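A short worksheet on the structure shown next.
Proteins come first, then strands; the chains are lettered A, B, ... in the order of their sequence lines, and each starts at number 1. From a predicted model like this one, the values you see are computed outputs, not experimental measurements.
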Amino acid sequence: MSANSSDPVERLLAAVTAAARQMAGDQSVTPALDPSPRPEMGDYSTNAAMMLAKPLGRAPREIAADLATAIEAELGSSLEKAEIAGPGFINLFLGDAWYREAAASMAAGGSAAVAPVGEPERIIVEFVSANPTGPLTAASGRHAAYGDALSKLLRATGNDITTEYYVNDGGTQVENFAASIAARMNGEEPPEDGYKGTYVNELAERARSEGHDPADLERLARTGVEWMVEGIRGSLENFGVSMDDFFSERSLYEDNLVDRGIERMREAGHVFDEEGAVWLRTTDFGDDKDRVLIRSSGEVTYFGADVAYHVDKIERGNERLIDVLGADHHGYVARMAAAMEALEGGKAEFEAQIMQLIHLVEGGERTKMSKRAGDIVTLDELTQDIGVDAARWFLLQRSHNQTIDLDLDLARSQSSENPVYYVQYAHARIQSILRKAAEADGGDPGDPLAAPADPSEKALVSKLLAFPAEVHEAAEKRAPHRICAYASEVAAAFHAFYRDCLVVGAEGDGVEAARIQLCEATAGTIRQSLGLLGITAPDRM
RNA sequence: GCCCCCGUAGCUCAGCUGGAUAGAGCGCCGGCCUUCUAAGCCGGAUGUCGCAGGUUCGAAUCCUGCCGGGGGUGCCA
């Protein structure tokens, strides 16, 4: 981020920062520059003077006076005036020249450009990873929407991203799964802790027609999981999520990665044997108790396999491992972080993002979802009900850290009132204007564009200029829901502009052309915002 | 017991690495289509930011303690 940046807001911030640093004699000062909350407070305001009050030992407003003079000198003619307000804010009022240039800066890329982060990382994002013993649920859909949007945000800010689904195709739950299919093939009820959903009947039917032997549980397990993964992949693709990889737990054993991982931890001195089991001393790294890697029966625990999987992620060159986990796995975080520290300390950052629960509400009651009982609303059913766009918006608009109630009745009956339509409508409206503009014969393309003059027009420009900062903040905070809020604000700013400013046929030199360009930038910004969320931007509604 | 999430308008929630008069949607009341899409816009009402202390020039935001709701806490996955 420098004064040479093509981002007009970055340039403003650079000027403010330079002035503040010179006055403080301290290069570490990082003042904030924010859009002003109200028009009478100018276009942007900075808290720089207040930040300097303590180190300089002077009153904030006094500093602000000097700083304002310095900022005026830095910015020259693009600044109309700088006012000191409140406890020491400096409010910047920008002139036509700045606005004209700012509007033009968005023309090339279709929106304000998102600069890559200073130090891009190679990141692997693991999400969903639901057991392949049943179809994806609506809750998995929340994970899918979040993980996908987060990956897109991190990619948009310049990082190298891999997305991955860990397939738990080993272990007892798969045995239960196979036993359940076999039971149905034999016309029996699944075992007590088996899977009772109707999809199991369908799998049994298919197994029978393809000549499977219900007694061959191993083959049944492998095939059943294969079919399930196939279905899961399809559900995800239908939902607009394409995983880079599906990583098989079983392959860890086949490739001998589990033994190797445990051996390495043993060499590092963090493994011990007790009561016939093999343990990892995670308490040395902040966990509240030590964890078993290999049971006394000789079986590797889920944790043991998962550690080996994470080791593999690091060995593939990833610098940061992000796991998107359900709230019911939060107890798992400390031990995995401990394991990563024990094994590969400092080599890669392990980061867990914990998703809070989603409750489906139907008929005013919360639906209990149990995969084993087969009492679930699947992701496929959800998207059929309310559509992919509405589902993704619904699942993403709240912080992933927040428990949400998804009211199915509401989502169905009021789908036209879903906020996603508000944003999509703005986009469709713009496309309509642009179609109209294309029909009408525009002015001379060589004419200079008018500077945005109307308050709604200027407000829209500055809202669009905030796009890069919003994307960076959403990425850094792992908070795609901020993009939902931002997209809504862009749509609102556009609707206000639409109300106040005629586009096609606007009077004045270069006004129509400037407004068409602004419409294009708005459409581009909405399209990109929705794109980060995996939501379409329709041209007509 | 210990750990995690939450408590902000009637409802659902943003805002939380401290900043100006705390916001949005829904709902409620009242307006706006012979100009580019009324799935829109404008106006109005509604708040002890759970409670109590503390830090600070400044706290919804940071710290401590409490209260209330939800979830977790296995040689399950």
Determine, step by step, whether A:S140 and A:T137 satisfy the side chain to side chain donor-acceptor pair (under 3.5 Å) criterion, reporting the C-alpha distance in whole Å, the side-chain angles of both residues, the deciding distance to 0.1 Å, and the verdict. CA-CA 5 Å; A:S140 308; A:T137 63; 3.2 Å; yes
Step-by-step side chain to side chain donor-acceptor pair (under 3.5 Å) determination, A:N168 to A:Q173: CA-CA 9 Å; A:N168 298 126; A:Q173 85 282 357; 5.2 Å; no
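Here A:D500 lies out of heavy-atom contact (under 4.0 Å) with every strand. Residue contacts for A:L502: at a heavy-atom cut-off of 4.0 Å it reaches a base atom on one of the strands shown. Nucleic acid contact for A:S45: base, since at least one base atom lies under 4.0 Å from a heavy atom of the residue. As judged by a 4.0 angstrom heavy-atom cut-off over every strand, A:H481 is placed among residues touching the sugar-phosphate backbone only. Among the heavy atoms of the strands lying under 4.0 Å from A:Y332 is at least one base atom, whether or not backbone atoms are also near.
Rounded to an integer number of Å, the gap from CE of A:M355 to C1' of B:G71 is 15 Å. Regarding A:D405, its CG atom lies at a distance of 12 Å from the C1' atom of B:G69, rounded to whole Å. At whole-Å resolution of the value, CD in A:E512 and P in B:U35 are 18 Å apart. Following rounding to the nearest Å, A:L325 (CG) and B:A77 (P) show an atom-to-atom distance of 16 Å. Nucleotide B:G70 holds its C1' atom 15 Å from the CD1 atom of A:I358, rounded to whole Å.
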Using the 3.5 Å cut-off, write out each protein N or O paired with an N or O of nucleotides 57-62 of chain B and the distance between them.
none

Would you list the protein and nucleotides 40-45 of chain B atom pairs, both N or O, that sit under 3.5 Å from each other?
| residue | atom | partner | partner atom | Å |
| --- | --- | --- | --- | --- |
| B:G40 | O2' | A:R429 | NH1 | 2.9 |
| B:C41 | OP1 | A:Y422 | OH | 2.6 |
| B:C41 | O3' | A:R499 | NH1 | 2.6 |
| B:C41 | O2' | A:R499 | NH1 | 3.2 |
| B:C42 | OP1 | A:R499 | NH1 | 3.1 |

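For RNA chain B, no neighbouring residue in residues 27-35 of chain A is found when judged by any heavy atom under 4.0 Å. Residues of residues 290-303 of chain A having a heavy atom closer than 4.0 Å to RNA chain B, listed by number: A:V292, A:R295, A:S296, A:Y302. Of the residues in residues 273-280 of chain A, A:E275, A:A277, A:W279 come within less than 4.0 Å of RNA chain B through at least one heavy atom, sorted by number. Near RNA chain B, defined here as any heavy-atom distance below 4.0 Å, there are no residues from residues 517-527 of chain A.
Tested against A:L33 for a side chain to side chain contact (heavy atoms under 4.5 Å, CB included), the candidates A:N47, A:T17, A:V9, A:I90 yield a single pass: A:V9.
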When you check every protein heavy atom under 4.0 Å of nucleotides 5-10 of chain B, what one-letter string (B, S, -) results, 5' to 3'? SS----
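Ranking B:C36, B:G74, B:A20 by closeness to the A:V503 side chain, first place goes to B:C36. With B:A20, B:G71, B:C36 as the candidates, the nucleotide lying closest to the side chain of A:I433 is B:C36. Set against B:A77, B:G71, B:A20, the side chain of A:A327 has B:G71 as its closest nucleotide.
Applying the side-chain hydrogen bond (donor to acceptor under 3.5 Å, both in side chains) test to A:H143 and every residue at least two apart in sequence or in another chain returns nothing. Scored by the salt bridge (Lys or Arg N to Asp or Glu O under 4.0 Å) test, A:R540 finds no partners at all (sequence neighbours excluded).
In this structure, the side chain of A:T301 engages the main chain of A:L293 through a donor-acceptor pair within 3.5 Å.
Identified under the salt bridge (Lys or Arg N to Asp or Glu O under 4.0 Å) test for residues 423-437 of chain A, with sequence neighbours left out: none. Evaluation of the salt bridge (Lys or Arg N to Asp or Glu O under 4.0 Å) test over residues 474-491 of chain A, restricted to residues two or more places apart or in two chains, returns A:E351-A:R478, A:K463-A:E489, A:E473-A:K477, A:E473-A:R482.
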For RNA chain B, produce a single dot-bracket line, 5' to 3'. Pairs: Watson-Crick or G-U wobble, both distances under 3.5 Å. Symbols: ( ) within strand, [ ] crossing, | other strand, . unpaired. (((((((..((((.....[...)))).(((((.......))))).....(((((..]....))))))))))))....
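In A:E119, the CD atom is not crowded: 12 or fewer heavy atoms of neighbouring residues, nucleotides or ligands sit closer than 6.0 Å. In the displayed structure, A:E218 atom CD is contacted under 6.0 Å by at most 12 heavy atoms of other residues, nucleotides or ligands.
Checking the phosphate oxygens (OP1, OP2) of B:C16, a side-chain nitrogen or oxygen of A:K477 falls inside 4.0 Å. For the pair A:R482 and B:C16, the criterion of a side-chain N or O lying under 4.0 Å from OP1 or OP2 is met.
Ring pair A:H329/A:Y332 is perpendicular by interplanar angle, where above 60° counts as perpendicular and below 30° as parallel. A parallel orientation is assigned to the rings of A:Y166 and A:Y309, their planes being inclined by less than 30° (bins at 30° and 60°).
Against the 90° criterion about 0, the sugar-base torsion of B:C49 places it in the anti range.
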